Amino acid sequence: MQYKSLPCLTSTCLQWEGLISPILGPEYGVCENLRKLEITGVSCRDVYAKLLHRYRHILGLWQPDIGPYGGLLNVVVDGLFIIGWMYLPPHDPHVDDPMRFKPLFRIHLMERKCATVECMYGHKGPHNGHIQIVKKDEFSTKCNQTDHHRMSGGRQEEFRTWLREEWGRTLEDIFHEHMQELILMKFIYTSQYDNCLTYRRIYLPPSSPDDLIQPGLFKGTYGSHGLEIVMLSFHGKKAKGTKITGDPNIPAGQQTVEIDLAHPLRLPDIENLRDFSELSRIVLEVQEQVRREEQEREQRQEEEEHSQQAASQPASPLGGEGAEGEETAAGAEGTTQDKAPASQPFVLPMGVISRNEDYPRTCRICFYGTGLIAGHGFTSPERTPGVFVLFDDDRFGFIWLELKSFSLYSRIKVSFQNAQAPSREAFDEMLKNIQSLAT
């Protein structure tokens, strides 16, 4: 029996009520006994037919289209409500603190009427809103009473309130002029939407037993931009960090870091590690090695294409680059696991700037990687060399060699429902979509 047929069934026979309750729990995360809702004048069938069935496509994780800034929205069922919670990173630079969240909208069922959509933005309580489901993986919200978002003190009061919520401080506490400009720019840009937004579905990355750590969502430090949300996913011998929230330099949806798992780095001893030039030498040597390997691979591919064109018959399925590539990857993986110590001392080299000095002083393993940097407005983007540092199962770092900067990332420990990708292909397609939108 398909669930989509239940609304008509429940309207004809109360016996179907007993069939709906078991479905509501596992499919929609409703844990309480929904039969108790009869006290409020609402039945299980009403909840399903008028609320859950109608709005089932918006449950899960979403990224709002807010220019370069993006965001993370989690839509969940809570009793008679469907609530859209915007998840916000902790205040900079406290990357290990838990996430903050605030409601942006809610849909609820009162008595036996149709579901009502309410905008929760602002500080004057819920007010009239609207939700349009554009297609399965996209929906939009609209506030019908934006005057509820205004404050009596005008834009200055709205800015001060937003600053306390977003940054946990006042503008006078922020002495860096460039940071002040970035903060003011973000307020002006984001507040113009008035909670009238388009959302696109995102999935949590699928995991594999071979992954270095469990993939997922992480909070990361990004200098004057504050804390941002990054999705870590694994793709064979590569790991990718994709921005879920972004900034005017590198917008949400772009791949902020890429880790080359085939090229582990052996760090110097702790004293030599303090010397930035020594670390730079090691990284640049690996960068040159990676460049040579890519050239050799391209040359082999060209030679094989020429030989295949000249051959009268298809190449034998035995041997070839595929088998050689697998052997090379396996060899690299074995080298990484065999030679990497359980842990090693770690300290940032002198001159490397970190927003959070409370980073771990031991790490498990390091890899060569690249980080994306760009000018304001995502101008002249380029991938620059860096060091991926794995501290433990829930924390990693990245040293941006060219910027002489360090980003610390900490796992977001929230259990998100309805957020798993239906397939690996669907997840990869989602990554391509959000990156193309950012570009």
Side-chain angles (χ1 to χ4, degrees), residues 205-216 218 220 230-242 254-268 273 278-305 319-344 346 362-373 382-393 395-402 406-407 409 424-425 427-428 431-432 435:
S207 61
S208 164
D210 297 329
D211 292 342
L212 190 65
I213 58 172
Q214 180 72 20
F218 290 78
V230 169
M231 177 183 288
L232 180 69
S233 57
F234 291 91
H235 309 260
K237 300 306 293 182
K238 301 283 187 182
K240 299 178 180 180
T242 304
Q254 288 296 334
Q255 186 182 314
T256 175
V257 294
E258 181 176 282
I259 302 100
D260 189 341
L261 300 175
H263 291 87
L265 295 177
R266 182 176 294 278
L267 297 180
L273 182 56
E278 177 63 15
L279 178 65
S280 179
R281 181 190 64 80
I282 294 172
V283 174
L284 294 179
E285 284 181 356
V286 177
Q287 181 188 37
E288 178 60 23
Q289 177 187 348
V290 170
R291 188 189 65 80
R292 289 197 306 269
E293 291 173 356
E294 289 177 349
Q295 287 181 338
E296 292 171 359
R297 186 161 47 248
E298 291 174 358
Q299 185 177 354
R300 286 199 303 270
Q301 289 176 349
E302 290 178 0
E303 292 174 352
E304 288 184 357
E305 288 175 0
E321 186 189 357
E324 181 182 351
E326 291 176 3
E327 182 180 352
T328 303
E333 183 177 3
T335 302
T336 301
Q337 295 176 348
D338 294 341
K339 294 185 179 181
S343 66
Q344 55 189 7
F346 178 81
T362 60
C363 67
R364 289 184 184 174
I365 192 171
C366 298
F367 291 93
Y368 169 78
T370 58
L372 184 62
I373 65 174
E382 62 172 320
R383 304 212 66 87
T384 60
V387 182
F388 171 85
V389 186
L390 178 62
F391 294 114
D392 52 44
D393 288 339
R395 288 177 297 180
F396 65 87
F398 192 84
I399 300 176
W400 306 76
L401 213 62
E402 187 167 322
F406 174 72
S407 292
Y409 301 83
R424 180 79 208 196
E425 292 74 21
F427 175 79
D428 291 339
L431 280 186
K432 291 179 183 178
Q435 185 171 355

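As the structure is a computational prediction, the values presented were derived from the model and not from experiment.
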Set out, in order, the CA-CA distance, both residues' side-chain angles and the distance that settles side chain to side chain contact (heavy atoms under 4.5 Å, CB included) for Val387 and Trp400, then state yes or no. CA-CA 7 Å; Val387 182; Trp400 306 76; over 6 Å; no
Nearest heavy-atom approach of Leu390 to Arg395 is CD1-O, 3.9 Å
Working to the nearest 0.5 angstrom, can you tell me the gap between Thr256 OG1 and Leu232 CG? 11.5 Å
Note, Leu273 side chain near Phe346 side chain (heavy atom, < 4.5 Å): yes
Under 3.5 Å, is there a donor-acceptor pair between the side chain of Thr384 and the main chain of Gly371? yes
Heavy-atom side-chain proximity of Leu431 to Ser233 below 4.5 angstrom: yes
Any side-chain heavy-atom pair from Ser343 and Arg364 closer than 4.5 angstrom? no
With the side chain counted from C-beta on, respond yes when Leu267 and Leu279 share a heavy-atom pair under 4.5 Å apart, and no when they do not. yes
I need the minimum non-hydrogen distance between Pro215 and Pro206, along with the two atoms involved. CG-O, 3.6 Å
Between Phe234 and Leu261, is there a side-chain heavy-atom distance shorter than 4.5 Å? yes
d(Asp260 CG, Gln289 CD) to nearest 0.5 Å is 9.0 Å
Would you say the side chain of Leu265 lies within less than 4.5 Å of the side chain of Ile365, judging by non-hydrogen atoms? no
Which heavy atom of Phe391 sits nearest a heavy atom of Thr362, and at what distance? CD2-O, 3.3 Å
Note, Glu402 side chain near Ile373 side chain (heavy atom, < 4.5 Å): yes
Derivation of the side chain to side chain contact (heavy atoms under 4.5 Å, CB included) call for Cys366 and Gln344: CA-CA 10 Å; Cys366 298; Gln344 55 189 7; 4.2 Å; yes
Nearest-0.5 Å distance, SG of residue Cys363 to CZ of residue Phe388: 10.5 Å
Ion pair present between Glu303 and Arg300, side-chain N to carboxylate O less than 4.0 angstrom? no
Might you work through the side chain to side chain contact (heavy atoms under 4.5 Å, CB included) test for Val283 and Tyr368, ending with a clear yes or no? CA-CA 7 Å; Val283 174; Tyr368 169 78; 4.0 Å; yes
Just how far is it from atom NE2 of His235 to atom CG of Asp428, taken to the nearest 0.5 Å? 6.0 Å
Glu294 and Arg291 ion-paired at < 4.0 Å: no
Within the side chain of Arg383, is there an N or O that forms a donor-acceptor pair under 3.5 Å with the backbone of Thr370? yes
Taking atom CD of Glu293 and atom CD of Gln295, what is their separation to the nearest 0.5 Å? 11.0 Å
Check whether any side-chain heavy atom of Met231 sits under 4.5 Å from a side-chain heavy atom of Lys240, and report yes or no. no
Between CZ on residue Phe367 and NZ on residue Lys238, distance to nearest 0.5 Å: 12.0 Å
Would you say Asp211's side chain and Gln214's backbone share a donor-acceptor pair under 3.5 angstrom? no
Can you list the residues that meet the ring-ring contact (aromatic ring centres under 6.0 Å, His included) rule with Phe218, with sequence neighbours excluded? Phe396
Glu285/Arg281 ion pair, N-O < 4.0 Å: yes
